[in-house]
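In what follows, a single structure is set out as C-alpha cells and then discussed.
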Amino acid sequence: QVQLVESGGGSVRAGGSLRLSCSSSQDTLARYSIGWFRQAPGKEREGVSCISDINERTIYYPDSMKGRFTISRDTAENTVYLLMNNLKPEDTAVYYCARADPFQCTPKGFIPPMFDSWGQGTQVTVSM
C-alpha cells in the first residue's frame, strides 16, 4: 500500500554515527506507528525502535536497543529518523522502516507481523 523509503545507510567505522530517514510520498506518517527494524543475513528481523502517531507520542526501545539509538519525527518533513551513535560491528544489518496502526509501540505490539507496509531497506555496515 504505502511506499516507505529509507535512506541514510552506508559504511562507517566503529564508533561513528549515522542518521537514517524514513519517508513516504503517498501518506502522512504522523497517522501511524512507525518502527525501525533490522535484519542481518540469515537472521530474524529485530525491532530497533518505534514511534507512535503524533497524538499518542509514545516512543519505545527494546531493552537491547536502549542507549545508542534515538528515534524522532519531523512532521513537517513527513519523515521519521533513527539516529545511531557509537555504532558497533554487530549493528551491521539492513535497516527497515515499517508502518503499523497506532498503539503498536509497545513490547507486545512492536513485532513485524503487526506492520503492514515496509520500505526496501538501507544497508548499514560497521567495520572496526
If you look at every heavy atom in [X] and [Y], which pair is closest and at what distance?
X	Y	answer
P62	G47	CG-O, 3.6 Å
G119	E6	CA-OE2, 3.2 Å
T106	G109	OG1-N, 2.9 Å
Y61	V48	CD2-O, 4.0 Å
I71	I34	CD1-O, 3.9 Å
L20	V124	CD2-CG2, 4.1 Å

Indicate if [X] and [Y] have the same hydrophobic cluster label, given that clusters are the connected sets of ILVMFWY residues with side-chain heavy-atom separations under 4.5 angstrom.
X	Y	value
I54	Y32	no
V12	Y95	yes
M114	Y60	yes

With a 3.5 Å distance limit and no angle check, can you tell me whether [X] reaches the backbone of [Y] through a side-chain donor-acceptor pair?
X	Y	answer
R99	S117	no
N78	L29	yes
S24	Q3	yes

For the residue pair Y96 and F115, is the inter-centroid distance of their aromatic rings smaller than 6.0 Å?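 Between Y96 and F115, the centre distance exceeds or equals 6.0 Å.
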For F69 and W36, I'd like to know if the aromatic rings sit close, meaning centre-to-centre distance below 6.0 Å.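 Judged by ring-centre distance (under 6.0 Å), F69 and W36 do not meet the cut-off.
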Gap between atom [atom2] of [Y] and atom [atom1] of [X] - 0.5 Å precision:
X	Y	atom1	atom2	result
F103	T58	CZ	OG1	8.5 Å
T122	R38	OG1	CZ	14.0 Å
I59	S33	CD1	OG	11.5 Å
L18	S7	CG	OG	11.0 Å
E44	Q39	CD	CD	8.0 Å
R13	L87	CZ	CG	13.0 Å

Can you list the residues that meet the side-chain contact (heavy atoms from CB on, under 4.5 Å) rule with D53, with sequence neighbours excluded?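 Partners of D53 by the side-chain contact (heavy atoms from CB on, under 4.5 Å) criterion, ordered by chain and then number, come out as N55, E56, P102.
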Quiz question: by atom type and distance under 3.5 Å, do the side chains of S17 and N85 form a donor-acceptor pair?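 Indeed, the side chains of S17 and N85 share at least one donor-acceptor pair under 3.5 Å.
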Would you say that L4 contacts Q26 through its side chain, given a criterion of any heavy-atom pair below 4.5 Å between the two side chains?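 L4 vs Q26: side chains apart.
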Could you tell me if the side chain of W118 sits less than 4.5 Å from the side chain of P112, heavy atoms only?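 Yes, their side chains come closer than 4.5 Å.
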D91 bridged to K88 by N-O distance under 4.0 Å: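 No.
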Using the rule given for side chain to side chain contact (heavy atoms under 4.5 Å, CB included), can you reason through E46 versus M65, listing the C-alpha separation, both sets of side-chain angles and the distance that settles it, and then say yes or no? CA-CA 10 Å; E46 62 176 340; M65 300 296 170; 3.5 Å; yes
For E90, does the CD atom sit with more than 12 other heavy atoms under 6.0 Å from it, leaving out its own atoms?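 Counting neighbours around CD of E90, more than 12 heavy atoms of other residues, nucleotides or ligands fall under 6.0 Å, so yes.
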Start with the C-alpha distance between Q123 and T92, add both sets of side-chain angles, then the distance that settles side chain to side chain contact (heavy atoms under 4.5 Å, CB included), and finish with yes or no. CA-CA 8 Å; Q123 177 72 46; T92 295; 4.0 Å; yes
